[in-house]
Number of protein chains: 2
Amino acid sequence: MDRSELFRDFIAFTASVLETKHDFTKDIRIEGITPVQYGILEYLFAHRDEPVTISEMSDCQHMSLPNTSRELRKLGEKGLCEKFSDSEDKRKQYIRLSPEGQARMAEAFRKVEARFLERIRGISDEELAELARAIRLLDGKVF
Amino acid sequence: MDRSELFRDFIAFTASVLETKHDFTKDIRIEGITPVQYGILEYLFAHRDEPVTISEMSDCQHMSLPNTSRELRKLGEKGLCEKFSDSEDKRKQYIRLSPEGQARMAEAFRKVEARFLERIRGISDEELAELARAIRLLDGKVF
DNA sequence: CTATCTCGTTATCAAATGACAACTAACGAG
DNA sequence: CTCGTTAGTTGTCATTTGATAACGAGATAG
């Protein structure tokens, strides 16, 4: 097993994944949302119900706490997300999508899902099951 | 086969891939290179010998031709890449890494490869072969 | 109680990025 | 040759993003 060759495949693969993600989401534009803000909304949308603190957001989105705070404030002003504080530790602020934000993201993701379904349209159920296994395998072992 | 469930797995998977890529490359800093410029260098490095025109770069990196031109000029001034024109169509400008740029990227990628190898260290050759198949399958069918 | 630490906010600044207009040069069709 | 098109450049501007300092309020250890 040539592990360096696998590395090259890995690099090419991540580039493909990135490209595909971009294709699927490039023209998803919510009002006056910047790319970074969209990233935050997507993160919140993906984490459905689990409460997320601002520090965690900051880590995951790879931005400083002050900048995260600023962008969240902007999103709050736009009515797309809301804060609520921990009942135990009052320093902690949790953040979630507002109903409005939830609705907007759900709408956006219907478009993305439609594109995804279109892309896999011609693939048989057996092959899809195989793809699902491949995704789980990779997700467990490498990513 | 629930295709919507596959969609959700797909979304989670792309997020994981993005995160992993970020982990592997976050502290790769070449001199005074901006993130966008790094993206260009990475693209050129990945495309080894195939000549790439500025318009193609512009498409793939999802930036306008004027901005691509500007960033390439900056990279040229830093001595990291170089242009040469098509002998047939003199409007076309091809772009490639300079020897210096090639060396810098090779060095950076040795670090990335080391991290990748570390991550797959405990995985047996049989499992790796399976992973390689999974990557090829996904790359062919979905991405 | 009082340091110290954590979580978050606010303000400010510089740099990076994106968008666009105006331009040159080369090609290609008629 | 002329006109329209393609490839790329230059310049300018507003916005976005990243970095950092200074601060406040709540937790926590000694």
Side-chain angles (χ1 to χ4, degrees), chain A residues 18 22-23 25-44 47 50-78 80-96, chain B residues 18 22-23 25-44 47 50-78 80-96:
Chain A
L18 211 67
H22 183 267
D23 284 347
T25 56
K26 60 174 171 246
D27 59 348
I28 303 291
R29 294 259 65 95
I30 295 186
E31 303 267 302
I33 286 321
T34 70
V36 167
Q37 287 165 7
Y38 176 79
I40 291 176
L41 293 180
E42 197 176 272
Y43 181 84
L44 290 174
H47 286 71
E50 320 156 39
V52 185
T53 70
I54 301 189
S55 299
E56 286 162 2
M57 281 274 333
S58 165
D59 285 345
C60 297
Q61 297 289 306
H62 316 113
M63 53 197 292
S64 70
L65 201 44
N67 291 336
T68 306
S69 174
R70 174 185 59 196
E71 298 308 322
L72 285 174
R73 178 177 49 72
K74 289 179 183 170
L75 286 171
E77 286 165 0
K78 294 177 210 289
L80 296 172
C81 68
E82 44 196 31
K83 289 177 205 164
F84 59 102
S85 46
D86 190 307
S87 50
E88 316 235 305
D89 186 340
K90 285 174 191 163
R91 289 169 307 178
K92 285 189 185 170
Q93 294 277 93
Y94 291 102
I95 197 97
R96 70 177 159 222
Chain B
L18 212 68
H22 183 267
D23 284 347
T25 55
K26 61 174 170 247
D27 58 349
I28 302 292
R29 294 258 65 97
I30 296 185
E31 302 269 302
I33 285 321
T34 71
V36 167
Q37 286 164 9
Y38 176 79
I40 291 176
L41 293 181
E42 198 175 273
Y43 181 84
L44 290 175
H47 285 71
E50 320 157 38
V52 185
T53 70
I54 301 189
S55 299
E56 284 162 4
M57 280 275 333
S58 165
D59 284 345
C60 298
Q61 297 289 306
H62 315 114
M63 53 197 293
S64 69
L65 201 45
N67 291 336
T68 306
S69 174
R70 173 184 61 195
E71 298 309 322
L72 286 174
R73 178 176 50 71
K74 289 179 184 170
L75 287 171
E77 286 164 359
K78 294 176 209 289
L80 296 172
C81 68
E82 44 196 31
K83 288 177 205 164
F84 59 103
S85 47
D86 191 307
S87 50
E88 315 237 305
D89 185 340
K90 284 174 190 164
R91 288 169 309 177
K92 284 190 186 171
Q93 294 278 93
Y94 290 102
I95 198 98
R96 69 178 159 222

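Note that this is a predicted model, so its numbers are computed, not measured. In what follows, chains carry the letters A, B, and so on, assigned in the order in which the sequence lines appear, proteins first and then strands, with residues in each chain numbered from 1.
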J.: Could you state the CD-C1' distance from A:Gln93 to D:dA27, rounded to the nearest angstrom?
T.: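 About 15 Å, once rounded to whole Å.
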J.: Ignoring backbone atoms, test whether A:Lys83 places a side-chain nitrogen or oxygen under 4.0 Å from the OP1 or OP2 oxygen of C:dT9.
T.: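 It does, given that an N or O in the side chain of A:Lys83 lies less than 4.0 Å from OP1 or OP2 of C:dT9.
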J.: Which whole-number value in Å describes the distance from A:Lys92 NZ to C:dC5 P?
T.: 18 Å
J.: Contacts to DNA chain D from residues 56-67 of chain B, heavy-atom cutoff under 4.0 Å, which residues?
T.: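 Hits under 4.0 Å, by residue number: B:Leu65, B:Pro66.
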J.: What pairs with A:Asp89 under salt bridge (Lys or Arg N to Asp or Glu O under 4.0 Å), at least two apart in sequence or on another chain?
T.: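 Scan of A:Asp89 (salt bridge (Lys or Arg N to Asp or Glu O under 4.0 Å), adjacent residues dropped) gives A:Arg91.
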J.: Side chain of A:Lys74, heavy atoms from C-beta onward: which of C:dT9, D:dT17, D:dG8 has the nearest atom to it?
T.: D:dT17
J.: Which residues satisfy the salt bridge (Lys or Arg N to Asp or Glu O under 4.0 Å) test with B:Arg73, sequence neighbours excluded?
T.: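 Scan of B:Arg73 (salt bridge (Lys or Arg N to Asp or Glu O under 4.0 Å), adjacent residues dropped) gives B:Glu77.
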J.: DNA chain D: B:Ile54 or B:Arg70, which has the more 5' nearest nucleotide?
T.: B:Ile54
J.: So which nucleotide from C:dT9, D:dA7, C:dT17 ends up closest to the side chain of B:Thr34?
T.: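 In terms of side-chain proximity for B:Thr34, the closest of C:dT9, D:dA7, C:dT17 is C:dT17.
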J.: Expressed in angstrom and rounded to an integer, what is the separation of A:Glu77 atom CD from C:dT9 atom C1'?
T.: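 Atom CD in A:Glu77 sits about 13 Å away from atom C1' in C:dT9.
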J.: For every nucleotide of nucleotides 24-30 of chain C, 5' to 3': is a protein heavy atom under 4.0 Å from its base (B), only from its sugar-phosphate (S), or from neither (-)?
T.: --BS---
J.: Is the shortest heavy-atom distance from the side chain of B:Met57 to the side chain of B:Leu44 under 4.5 Å?
T.: yes
J.: Could you check how far CG of B:Leu75 sits from P of C:dA16, rounded to whole Å?
T.: 12 Å
J.: Not counting sequence neighbours, which residues clear side-chain hydrogen bond (donor to acceptor under 3.5 Å, both in side chains) with B:Glu82? List them please.
T.: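 Once residues adjacent in sequence are excluded, the partners of B:Glu82 under the side-chain hydrogen bond (donor to acceptor under 3.5 Å, both in side chains) criterion are B:Arg96.
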J.: Can you check the B:Ile40 CD1 to C:dA16 C1' distance for me, whole Å?
T.: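 The answer, rounded to whole Å, is 13 Å.
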J.: Excluding sequence neighbours, so at least two apart, what forms salt bridge (Lys or Arg N to Asp or Glu O under 4.0 Å) with B:Asp23?
T.: B:Lys26
J.: Could you list the residues that satisfy side-chain hydrogen bond (donor to acceptor under 3.5 Å, both in side chains) with B:His47, not counting sequence neighbours?
T.: none
J.: Give me the bend of the helix from C:dC1-D:dG30 to C:dG30-D:dC1, using the axes of the five pairs at each end, rounded to 10°.
T.: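 Nearest ten degrees gives 30° for this helix.
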J.: Listed by chain and number, what are the side-chain hydrogen bond (donor to acceptor under 3.5 Å, both in side chains) partners of A:Tyr43, not counting sequence neighbours?
T.: none
J.: At under 4.0 Å between heavy atoms, what does A:Arg73 touch on the DNA or RNA strands: base, sugar-phosphate, or nothing?
T.: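 Contact class for A:Arg73: sugar-phosphate only.
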J.: How many Å lie between CG on B:Leu72 and P on D:dA7, as a whole number?
T.: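 One finds 16 Å between P of D:dA7 and CG of B:Leu72, rounded.
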J.: Taking all atoms of both residues into account, what is the closest heavy-atom pair of B:Leu65 and B:Ser58, and its distance?
T.: N-OG, 3.6 Å
J.: Which heavy atom of B:Ile33 sits nearest to which heavy atom of B:Tyr38, and what is that distance?
T.: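 So the two residues come closest at CG2-N, 3.4 Å.
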J.: Measure CD1/B:Ile33 against P/C:dA15 and give the value in whole Å, please.
T.: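 So the CD1-P distance, B:Ile33 to C:dA15, works out to 16 Å.
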J.: Show every salt bridge (charged side-chain N to carboxylate O under 4.0 Å, His left out) that has at least one partner inside residues 50-66 of chain A, sequence neighbours left out.
T.: none
J.: With B:Ser64, which residues qualify under side-chain hydrogen bond (donor to acceptor under 3.5 Å, both in side chains), at least two apart?
T.: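 Here the qualifying residues are B:Asn67.
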J.: Quick one: list whatever passes salt bridge (Lys or Arg N to Asp or Glu O under 4.0 Å) with A:Glu31, sequence neighbours left out.
T.: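 Salt bridge (Lys or Arg N to Asp or Glu O under 4.0 Å) list for A:Glu31, sorted by chain: A:Arg104.
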